[in-house]
Amino acid sequence: MHNAVSALIARDRPVEREAFHSLWDALRDGRLRRGESAALLASLSTRTPDRATLTALLESLAERRPPAGGAFTGAVNIVGTGGGPPTLNLSTAAAFVAAAAGTPVVKSGSRAHTSRMGSVDLLQQLGVAPTSSHEETHETLGRFGLAFTGPHVYPAEIALLARSVLPLDFRPLGRFVNTFGPFLADVPADAQLTGVSDARLVTGVRQAAEHVSRRTGRTVWLCTNDPGADELLGFTPNLVRTYVDGAEDDFVLEPARFGCRPGALADLAPGADPVAGFRALLAGEGHPAAQDTVCLNAAALSVAARVTGDWHEAVRAARAAIGDGSALALVDRLRSRAAVAL
């Protein structure tokens, strides 16, 4: 068994970057056996590695990715760690609303891991194609103010790991990948908003956020709340931890201060037809609590990206983007882009 896998299982010493480099080389060359790949994923997903090992792991993967090029000035990514209660695709809706309100948004995401429909699944149903290269991401951002990235933003080793465990199901083994995916993607954004659904994972995710913020200069916001959603909620206080150049600070976001109405998780449920429910939400026909939640997340994107420092103004702009139809119109504009590409 590869020494990096053995060390991860034993947890008796940190795993250094060079050991991970050797591991990824073995994976790329087909020298890592299925049992080793499965053991690697199971160990990472069972318990978050210690700080030194996690840092070495993130650095070893970042060094293997092709550069994304310069950041799209003022752009922000919204992506959660997955898990939590089933809801409408709130972060994807917030991306459309924030972009329609004037904040450039580049969103990474994945297919459903534990939920019924992940952001990639929803976009496919909507007819919105993700970008296939960093160049296309920059072009789409410049033209529409919004781009959804494809798998090219993730290290190739992630896909190799998924294939190397076949015919085993990657989903139960790949919990670590899903949780830390927001910090594995290389997107041209100045800021990132990430919700953490599982309180047991907060410590490791905080370490990842600090590392990425220090390494890339990206501002990272981590949000948590008592109901365990992986996005800000519009009817309960949210704790937001901010990372700027690796330095941590925090604040409590009280939705009622910005006119958000009372609600419950049941008000955010996806319903029988998630696509119809998503379009209704962007048309201003969703449940008030769901609409408030989307507007709060969209406002947070504007503030995190420093488009504005006024939360009241940001929430008003998000509500206006829904009320005047521009958020839903943006869906159809991006659908037209996909149709032209075909």
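Along the sequence shown, residues carry numbers from 1.
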Looking only at side-chain N and O atoms, does Thr308 offer a donor or acceptor that is under 3.5 Å from a partner on Asp310? no
Same cluster or not: Val307 versus Phe144, using hydrophobic residues (I, L, V, M, F, W, Y) connected whenever any side-chain heavy atoms lie under 4.5 Å apart? no
Does some side-chain heavy atom of Val105 sit less than 4.5 Å from a side-chain heavy atom of Leu146? yes
At what distance, to the nearest 0.5 angstrom, does CG of Asp50 lie from CZ of Arg11? 8.0 Å
Rounding to 0.5 Å, atoms CG (Asp230) and OG (Ser91) come to a distance of 6.5 Å
Same apolar cluster: Leu90 and Leu330, side chain cutoff 4.5 Å: yes
Is there side-chain contact between Leu54 and His211, with heavy atoms separated by less than 4.5 Å? no
Working to the nearest 0.5 Å, report the span between NE2 of His21 and CD of Glu16. 11.5 Å
So do the side chains of Leu57 and Phe180 get within less than 4.5 Å of each other, counting heavy atoms only? no
Rounded to the nearest 0.5 Å, how far does CG of Asn3 lie from CZ of Arg13? 7.0 Å
Is any side-chain heavy atom of Arg241 closer than 4.5 Å to one of Thr224? yes
Could you go through Thr219 and Thr242, starting from their C-alpha distance and side-chain angles, then the distance that decides it, and tell me whether this counts as side chain to side chain contact (heavy atoms under 4.5 Å, CB included)? CA-CA 7 Å; Thr219 296; Thr242 65; 5.6 Å; no
Ignoring hydrogens, what is the shortest heavy-atom contact between Arg319 and Gly259? Give both atom names and the distance. NH2-O, 3.6 Å
Charged N to carboxylate O under 4.0 angstrom, Glu210 versus Arg214? yes
Taking all heavy atoms of Thr103 and all of Gly74, pick out the closest pair and write down the distance. CG2-O, 4.4 Å
Got Pro155 and Arg64 here, is their nearest side-chain heavy-atom distance under 4.5 Å? no
Taking a hydrophobic cluster as the set of Ile, Leu, Val, Met, Phe, Trp and Tyr residues connected by side-chain heavy atoms closer than 4.5 Å, whether directly or through intermediates, do Val244 and Leu222 fall within one such cluster? no
Which pairs with one or both residues in residues 259-270 pass side chain to side chain donor-acceptor pair (under 3.5 Å), sequence neighbours excluded? Arg261-Asp292, Asp267-His287
Write down the atom of Glu254, the atom of Pro237, and the distance for their closest heavy-atom approach. OE1-CG, 3.5 Å
Does the pair Arg206 and Val202 meet the rule for a side chain to side chain contact (heavy atoms under 4.5 Å, CB included), with working shown? CA-CA 6 Å; Arg206 288 172 66 183; Val202 168; 3.5 Å; yes
On a heavy-atom basis, the closest approach of Phe20 and Ser60 is CB-OG, 3.4 Å
Within one Ile-Leu-Val-Met-Phe-Trp-Tyr cluster: Leu239 and Leu253, side-chain cutoff 4.5 Å: no
Ignoring hydrogens and geometry beyond distance, is a side-chain donor-acceptor pair present between Thr137 and Thr149 at under 3.5 Å? no
Does Thr55 use its side chain to pair, donor to acceptor, with the backbone of Ala52 at less than 3.5 Å? no
Can you see whether His152 engages Glu136 through a side-chain donor-acceptor pair at a distance of less than 3.5 angstrom? no
Answer yes or no: is there a donor N or O on one side and an acceptor on the other, between the side chain of Glu231 and the main chain of Asn297, under 3.5 Å? no
Treating Thr293 as the side-chain partner and Leu233 as the backbone partner, does any N or O pair qualify as donor plus acceptor under 3.5 Å? no
If you apply the rule side chain to side chain contact (heavy atoms under 4.5 Å, CB included), what do you find for Val205 with Phe183, and how did you get there? CA-CA 9 Å; Val205 174; Phe183 308 101; 3.6 Å; yes
What are the two closest heavy atoms between Ser119 and Asn89, and how far apart are they? N-ND2, 3.8 Å
Dump the intermediate steps for side chain to side chain contact (heavy atoms under 4.5 Å, CB included) on Thr203 and Thr48, then the final yes or no. CA-CA 9 Å; Thr203 298; Thr48 302; over 6 Å; no
Following the transitive rule for hydrophobic clusters with a side-chain heavy-atom cut-off under 4.5 Å over Ile, Leu, Val, Met, Phe, Trp and Tyr, establish whether Val76 and Ile78 coincide in one cluster. yes
Within the distance-only criterion (no hydrogens, no angle test), does the side chain of Asn178 pair as donor or acceptor with the backbone N or O of Thr81 below 3.5 angstrom? yes
Is the backbone of Phe148 close enough, under 3.5 Å, to the side chain of Lys107 for a donor and an acceptor to pair up by distance? no
Between CD on residue Gln192 and CG on residue Leu301, distance to nearest 0.5 Å: 10.5 Å
Atom pair OG1 (Thr131) and CD (Glu139), whose distance is rounded to the nearest 0.5 Å: 10.0 Å
Donor-acceptor check, side chain of Arg34 to backbone of Leu166, threshold 3.5 angstrom: yes or no? yes
Mind checking whether Asp332 and Arg279 have side chains closer than 4.5 Å, heavy atoms only? yes
Side-chain donor/acceptor of Asn77 to backbone N/O of Ser108, under 3.5 Å: yes
Are any non-hydrogen side-chain atoms of Val15 and Pro49 less than 4.5 angstrom apart? no
With a 4.5 Å limit on heavy-atom distance, are the side chains of Trp24 and Leu161 in contact? yes
Glu59 atom CD, neighbour heavy-atom count above 12 within 6.0 Å: yes
Pairs in or reaching into residues 233-253: which pass ring pair (Phe, Tyr, Trp, His ring centres under 6.0 Å), with residues at least two apart or in two chains? Trp221-Phe251
Expected output: side-chain Asn238 to main-chain Thr236 donor-acceptor under 3.5 Å: yes
Minimum heavy-atom separation for Leu126 and Val275, please, with both atom names. CD2-CG1, 3.8 Å
Hey, does the side chain of Ser213 reach the backbone of Ala209 with a donor-acceptor pair shorter than 3.5 angstrom? no
So, does Glu36 use its side chain to make a donor-acceptor pair with the main chain of His2 at under 3.5 Å? yes
Does Arg28 have more than 12 heavy atoms from other residues, nucleotides or ligands lying within 6.0 Å of its CZ? yes
Who pairs with Asp250 by side-chain hydrogen bond (donor to acceptor under 3.5 Å, both in side chains), at least two apart in sequence or on another chain? none
